[in-house]
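Notes to accompany the following structure.
Letters go in sequence order (proteins before strands), and every chain restarts at 1.
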Amino acid sequence: MSGIHQFLPMLAKGDGVGNNARAMAKRLAEVGIPSRFYADLDKTGEASGGHFDYAKATEAGDILLYHVATSSPMTTYLARRSEPLGVVYQNITPPEYFATYDARAAAVQKRALGEVETLAERTLLAMTPSAYNAEDLHQAGYREVAEFPIIFDPTDFLGSSSPRVEEVLTGLRTKGFANWLFVGRLVPNKAQERLIMALHAHREAYGDTAVLHLVGRPSYPGYVAALHRLAAELGLADRVNFVMGVSEEELAAFYRGSDLFASASEHEGFCMPIVEALFHGLPVMAYDAGAVPETLGIGGIHLSDRDPATMAAWAEMIATDTGLRGRLRRLGREQLTRVAPTATIPAFDRAIARLIELAGSPMKPDFEAPSAIVGETREILDRLSDQSDKESA
Amino acid sequence: MPEQSTHADKSTSEEFGPEASTDRVEEYLESAAELEPELQDAEARAYMRSLELRIETEVARLRSEGKYPPSLARRVRTYYRTLLPDGAASGERDFDAVFKTLDRIAYMDVDVPTASSKPGVAFVKRSLRTLMAWYLNYLAQQFNNFATNLVHLLGIADVRIAALESRFDASAFRATGLLAATAAAKAQAATAGRVAEALSGTRGRVLVAECADGTLLAGLSEAGLNAYGVESRRELLQAAEARNLELREGGTLEHLAGVAPGSLAALVLSGIVDRDTVNDRVAALVHARRVLEEDAALVLVCASADAFDDPANRIEADLSPGRPFAPETWGFLLGKLGFGSITSEPSEDGPYLVLARNARMAPEIGALADSKVVLTALEPPRERRR
């Protein structure tokens, strides 16, 4: 039976592209469309093989969906195949961010940008989570672009929480420290050094009353070393907590136990951690770059620049003003109704219907079929709403 | 909701007649119901704006108490720069490393390993190697010839590009950054009153870049504007700090690159407009398009060409890569980049102002401002990409 099969260079849980693809597969299965993964690096055991393995299982009427994330031989492979093609684009970080630390990584990114253009001619429909990304695709020559926030399953990050991490964060709060959190790979475009500078400004202005948790995997040793040395030189070696690699439970605990999610990132195609923070009811302040204005919307504080003193003042106000935190939580919940699966699954259904139409495929999916992800999300949002009401009361 | 009744009245009485009124009102009520999220957005934005005002007051208090002066921020940033890897600007070391690796691996070895733990297999492998040696050697020779010449060609290209880079290294022209007394500083002092007048009533953040010793910036602050300045020269920054002004340390382009889109109500550019390269000036204008709100004011405080002939500015004139533009040139550039309401105000004593308004942002300009900005900004973006 023909289906819509997803190709991605790497399939992993906890990874933005991987979570997106898995949520899409879940929805495709619900509407009655078979969907297999083809990933050259599979960390989940869910893929049917690498991209060459698709040739063994191809069926007339298949539609292929490629998640462009980095440079991959999949591009050439898919460009030469004859099946109708859709592309999912979550953005590719410009190579200049990496050139300083790793010229090879920069060259790979540059090639990946070229590959995005390679597929433009052959792609029937591109899907992307922000207008910021859509502009890239239009510039690259894509004819039709469907724009809707990333599809995800909130239970991926709202599961059980690590009691040990929660205990540590609660302990810090008891001692008078506010817990600042950032989640994202330790890479130059995320600009974690700006958060360290803001923490320094905070200590100069308000005293030693905050701790910064940087949760994310390192990619470039030179960058991580620079962050460590900056923290040490500013006397913050034991106030900046580098958490390199966490389990789902530990990540959930960091979101639950923190007082503030702070981001100084310069380049984001969507910024999923902002959405995760909003789901956990965490106040968010983020530098307004890339797709952040769209993702954060009315749900948090938008920073027009990254002046350390200004960031410190915001953080202090959020940490000390209970009323403000409550209000930000309510606004965050409101923003979630626009980016959560309750809004995005119907948009994804429409995009799939359009892709099938453009492909001239006889597939007849049942879009009336209920979505498990939407059901779960609705329950979560109701719970968040109840919490907000209780806080207001 | 006064807009609703106005709309309904107009639709019914003027366009559709009384018989269509019920349908139109129904239709309108439906669309009005959909407006609800927009109203919530407006409410949320108003709330956020009230918070921003609180933060601005708080930051001003911190500055006035000397809690986190710009000089400290500058020291932190300068220190951080020293931690970046060598060759940060060009990735030179990375290129060398990759080049060496390529040189090492661009060679096909036909001496195939033949060892094996299985009995007899090593013998078979050795026999095959001997039998196929003539064929593999022939292929390997051709590949190795090609790879060697390719690596050699890359080496030549590297040497030639390095020579070009050293000849055109823009940092060699930055000597003017060391000068305190510049034509721009004089132009700011001479035009401070006119700039304050041009920007009177501006609501929102105003940036003055570069702000020199803060004379013009102080004038704007005294006029009640929410203004801050950027300056890279230490002695001038200290002079401006002494006036208790809100300041950032850094170069104009460096700072503008870090300002969020549409976040400034007005921008005053000075210095860069007189003496930097044409590319840098265009880059500043492209950034201005991105960081200014729609219809926000851009003010260029320009020295006259005569100022560079003045003996007092001889060093600056000699060391600068650029010369002051004529007002017509600014008008041409601003028009090409999509600014509107462009006017220039000459003065008798030399310096002049160019005023413009930011029109609606073209998406291509937004994309440009995020990437490396070059003179090609003046070309039609679509054609450039292809």
Side-chain angles (χ1 to χ4, degrees), chain A residues 94 96 99-104 106-107 131-132 135-136 138-141 193 196-197 200-202 204-206 222-223 225-227 229-230 233-234 266-267 287-290 292-293 297-310 312-314 316-317 324 327 331 334-335 337-338, chain B residues 37 40-41 43-45 47-48 51-52 54-56 58-59 61-63 65 67-70 72-73 76-77 79-80 82-85 87-95 97-98 101 205 228 246 248 255 257-264 291 363-364 366-367 370-372 381-382 385-386:
Chain A
E96 48 267 30
T100 308
Y101 299 93
D102 186 343
R104 280 178 223 211
Y132 178 74
E135 181 52 31
D136 280 358
H138 287 305
Q139 289 277 318
E193 74 276 8
I196 296 174
M197 290 175 196
H200 176 236
H202 185 272
E204 294 290 316
Y206 302 103
Y223 182 61
L227 294 179
R229 287 183 61 186
L230 177 67
E233 183 66 23
L234 297 176
E266 294 171 14
H267 184 91
Y287 175 51
D288 238 359
V292 167
I298 60 165
I301 308 294
H302 295 252
L303 300 169
S304 64
D305 73 8
R306 293 170 295 178
D307 173 46
T310 307
W314 273 117
E316 179 67 10
M317 191 159 91
L324 170 64
R327 186 81 188 259
L331 288 171
E334 182 62 37
Q335 176 63 13
T337 61
R338 300 160 198 208
Chain B
Q40 284 174 4
D41 280 6
E43 193 186 323
R45 275 196 292 271
Y47 175 65
M48 289 298 175
L51 292 179
E52 281 167 13
R54 271 174 67 187
I55 285 296
E56 281 162 16
E58 171 66 0
V59 173
R61 181 188 70 79
L62 293 176
R63 302 256 189 241
E65 291 175 8
K67 287 278 176 60
Y68 194 74
L72 178 55
V76 172
R77 290 226 310 274
Y79 173 72
Y80 179 69
T82 66
L83 301 177
L84 297 179
S90 62
E92 195 178 320
R93 274 189 2 164
D94 294 316
F95 180 86
V98 177
T101 306
R205 293 285 272 172
Y228 75 106
E246 189 183 342
R248 307 275 191 280
H255 182 79
V259 177
S263 59
L264 294 180
V291 301
E364 294 84 358
D370 284 340
S371 60
K372 190 176 271 186
R382 295 275 171 193
R385 286 299 290 249
R386 284 169 192 169

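With a threshold of 4.5 angstrom between heavy atoms, A:Met317 approaches chain B through side-chain atoms but not through N, CA, C or O. Of the two parts of A:Leu303, only the backbone, made up of N, CA, C and O, holds a non-hydrogen atom closer than 4.5 Å to a non-hydrogen atom of chain B. With a 4.5 Å cut-off on non-hydrogen atoms, A:Leu331 touches chain B through its side chain but not through its backbone.
Under the 4.0 Å criterion applied to side-chain N and carboxylate O atoms, B:Arg63 and A:Asp307 are assigned as salt-bridge partners.
The two atoms that bring A:Ala313 and B:Val59 nearest to each other are CB-CG2, 3.9 Å, heavy atoms only. Heavy atoms only, all atoms of each residue included: B:Ala260 and A:Tyr287 are closest at N-OH, 4.0 Å. Counting all heavy atoms, side chain and backbone alike, B:Tyr68 lies closest to A:Pro308 at CE2-CB, 3.7 Å. Of all heavy-atom pairs between B:Tyr80 and A:Ala226, the closest is CE1-CB, 4.1 Å.
To the nearest 0.5 Å, the span separating NE2 on A:His302 from CZ on B:Arg45 amounts to 9.5 Å. Rounded to the nearest 0.5 Å, atoms OG1 (A:Thr310) and OH (B:Tyr228) are 9.0 Å apart. Rounded to the nearest 0.5 Å, atoms CD (B:Glu43) and CD1 (A:Ile298) are 9.0 Å apart. Atoms CH2 and CD, on A:Trp314 and B:Glu52 in that order, are 5.5 Å from each other to the nearest 0.5 Å.
Two residues are said to be in side-chain contact when any heavy atoms from C-beta on lie closer than 4.5 Å; B:Arg77 and A:Met197 meet this criterion. At least one side-chain heavy atom of A:His200 sits less than 4.5 Å from a side-chain heavy atom of B:Leu72. Contact annotation: the side chain of B:Leu83 never approaches that of A:Glu233 to less than 4.5 Å [non-hydrogen atoms, C-beta and beyond]. Residues A:Glu204 and B:Leu62 form no side-chain contact, since every pair of their non-hydrogen atoms from C-beta on lies 4.5 Å or further apart.
The environment of CZ in A:Arg327 is crowded: more than 12 heavy-atom neighbours from other residues, nucleotides or ligands sit within 6.0 Å.
With respect to chain B, the highest number of heavy-atom pairs below 4.5 Å among A:Thr337, A:Val292, A:Asp288 belongs to A:Asp288.
For the pair B:Tyr79 (side chain) and A:Leu234 (backbone), a donor-acceptor distance under 3.5 Å is absent.
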